[in-house]
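Values reported hereafter were calculated over all heavy atoms of this structure, with side chains retained and with hydrogens, waters and symmetry mates removed. This structure is a prediction, so every number in the text was calculated from the model and none was measured.
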Amino acid sequence: QVQLVESGGGLVQAGGSLRLSCAASGRTFSRYACGWFRQAPGKEREFVAAISWNGGRTYYADSVKGRFTISRDNAKNTMYLQMNSLKPEDTTVYYCAAQNDSGTYSAVSVYDYWGQGTQVTVSS
């Protein structure tokens, strides 16, 4: 089992920045590929970004490419999402997730563990 806890969400003005953190406990964090997803009320959970177990590969949704950066520090059992140039449409709940590195990163179904989510609100 892996337990994931997100933090760093909050309220920011459009154009601003936030950094989300995902702290992991339980089994060896470095074994798992990890991702960030977001979900608005009444909508499906959507892929934001993912990173391979060793950080060597990263993947982004087109909507955040060039604005968001995913990273991880396996020594600290923590993954991050640096979000710059935030837009009102980025407003929603963000979730971190972990999976045995299947080689597939954008599908919700391949992730085995999920955090509880953190709210990000971007005001215009």
Side-chain angles (χ1 to χ4, degrees):
Q1 289 284 344
V2 175
Q3 291 78 43
L4 303 172
V5 179
E6 302 96 336
S7 61
L11 173 65
V12 65
Q13 288 189 332
S17 299
L18 283 174
R19 188 175 81 155
L20 305 184
S21 298
C22 175
S25 60
R27 293 194 173 186
T28 307
F29 177 66
S30 61
R31 294 177 52 188
Y32 295 91
C34 296
W36 288 98
F37 289 76
R38 61 190 184 186
Q39 186 172 21
K43 294 189 176 182
E44 293 187 355
R45 192 163 295 189
E46 67 170 356
F47 170 73
V48 175
I51 188 166
S52 60
W53 67 273
N54 64 354
R57 299 185 302 277
T58 57
Y59 306 87
Y60 297 93
D62 288 342
S63 59
V64 306
K65 201 171 294 183
R67 300 189 298 124
F68 291 10
T69 302
I70 190 171
S71 62
R72 66 189 298 163
D73 185 340
N74 286 342
K76 295 183 178 180
N77 286 352
T78 304
M79 176 180 64
Y80 305 97
L81 185 68
Q82 178 67 42
M83 305 188 295
N84 299 329
S85 302
L86 282 161
K87 304 175 181 179
E89 51 263 44
D90 295 318
T91 295
T92 190
V93 179
Y94 285 71
Y95 298 89
C96 67
Q99 57 148 314
N100 288 299
D101 200 329
S102 65
T104 299
Y105 298 99
S106 62
V108 170
S109 60
V110 302
Y111 288 85
D112 303 301
Y113 306 102
W114 292 86
Q116 82 290 347
T118 186
Q119 175 71 44
V120 170
T121 303
V122 184
S123 63
S124 56

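- One distance of note links OG of Ser71 with CG of Leu81; it measures 8.5 Å at 0.5 Å rounding.
- You'll find the ring centres of Tyr59 and Tyr105 inside the 6.0 Å limit.
- Residue pairs meeting the disulfide (SG to SG under 2.5 Å) criterion with at least one member in residues 28-95, sequence neighbours excluded, do not occur.
- Gln116 and Val5 get closest at one heavy-atom pair: OE1-CA, 3.7 Å.
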Side chain to side chain contact (heavy atoms under 4.5 Å, CB included) assessment of Val122 paired with Gln13: CA-CA 5 Å; Val122 184; Gln13 288 189 332; over 6 Å; no
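- A donor atom on one side chain and an acceptor atom on the other are found under 3.5 Å apart for Ser17 and Asn84.
- Residues satisfying the side chain to side chain donor-acceptor pair (under 3.5 Å) criterion with Thr121, sequence neighbours excluded, are Gln119.
- Between Ala24 and Phe29, the closest heavy-atom pair is CB-CD1, 3.3 Å.
- In this structure, Ser102 contributes its side chain and Thr104 its backbone to a donor-acceptor pair below 3.5 Å.
- The side-chain heavy atoms of Tyr94 and Met83, taken from C-beta on, include a pair separated by under 4.5 Å.
- Listed by chain and residue number, Ser52 satisfy the side chain to side chain donor-acceptor pair (under 3.5 Å) test with Asn54 (two or more places apart in sequence, or in another chain).
- The minimum heavy-atom distance between Leu86 and Leu18, with the atom names listed, is CD1-N, 3.8 Å.
- When the side chain to side chain contact (heavy atoms under 4.5 Å, CB included) test is applied to Ser85, the partners found at least two apart in sequence or on another chain are Arg67.
- Using a 4.5 Å cut-off on side-chain heavy atoms (C-beta onward), Val108 and Trp114 make contact.
- Pairs passing the salt bridge (Lys or Arg N to Asp or Glu O under 4.0 Å) check and including a residue from residues 1-17, sequence neighbours excluded, do not occur.
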Trace of the side chain to side chain contact (heavy atoms under 4.5 Å, CB included) decision for Phe68 with Asp90: CA-CA 11 Å; Phe68 291 10; Asp90 295 318; 4.0 Å; yes
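- Partners of Ser7 according to the side chain to side chain donor-acceptor pair (under 3.5 Å) rule, which considers only residues two or more places apart in sequence or in another chain, do not exist here.
- Looking at heavy atoms from C-beta onward, Thr78 lies in side-chain contact with Tyr80 at the 4.5 angstrom threshold.
- Applying the ring pair (Phe, Tyr, Trp, His ring centres under 6.0 Å) test between Tyr111 and each of Tyr95, Tyr32, Phe37 identifies Phe37 as the sole match.
- Contact annotation: the side chain of Thr118 never approaches that of Val93 to less than 4.5 Å [non-hydrogen atoms, C-beta and beyond].
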List the atom pairs, donor and acceptor, that lie under 3.5 Å between side-chain atoms in residues 43-50 and the rest of the protein, sequence neighbours left out.
| residue | atom | partner | partner atom | Å |
| --- | --- | --- | --- | --- |
| Arg45 | NE | Gln39 | OE1 | 3.0 |
| Arg45 | NH2 | Gln39 | OE1 | 3.0 |
| Glu46 | OE2 | Arg38 | NE | 2.6 |
| Glu46 | OE2 | Arg38 | NH2 | 3.4 |

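- Other cluster members for Trp53: none, since no ILVMFWY side-chain heavy atom sits under 4.5 Å from it.
- Residue Met79 holds its CE atom at 5.0 Å from CD1 of Ile70, rounded to the nearest 0.5 Å.
- Residue pairs meeting the salt bridge (Lys or Arg N to Asp or Glu O under 4.0 Å) criterion with at least one partner in residues 77-89, sequence neighbours excluded, are absent.
- The closest donor-acceptor contact from the side chain of Gln82 to the backbone of Leu20 lies at 3.5 Å or more, if one exists at all.
- By the side chain to side chain donor-acceptor pair (under 3.5 Å) test, Asn74 is found to be paired with Arg72, residues two or more places apart in sequence or in another chain being considered.
- The salt bridge (Lys or Arg N to Asp or Glu O under 4.0 Å) analysis of residues 98-110, with sequence neighbours excluded, yields the pairs Arg57-Asp101.
- In this structure Cys22 satisfies the disulfide bond (SG atoms under 2.5 Å apart) test together with Cys96, sequence neighbours excluded.
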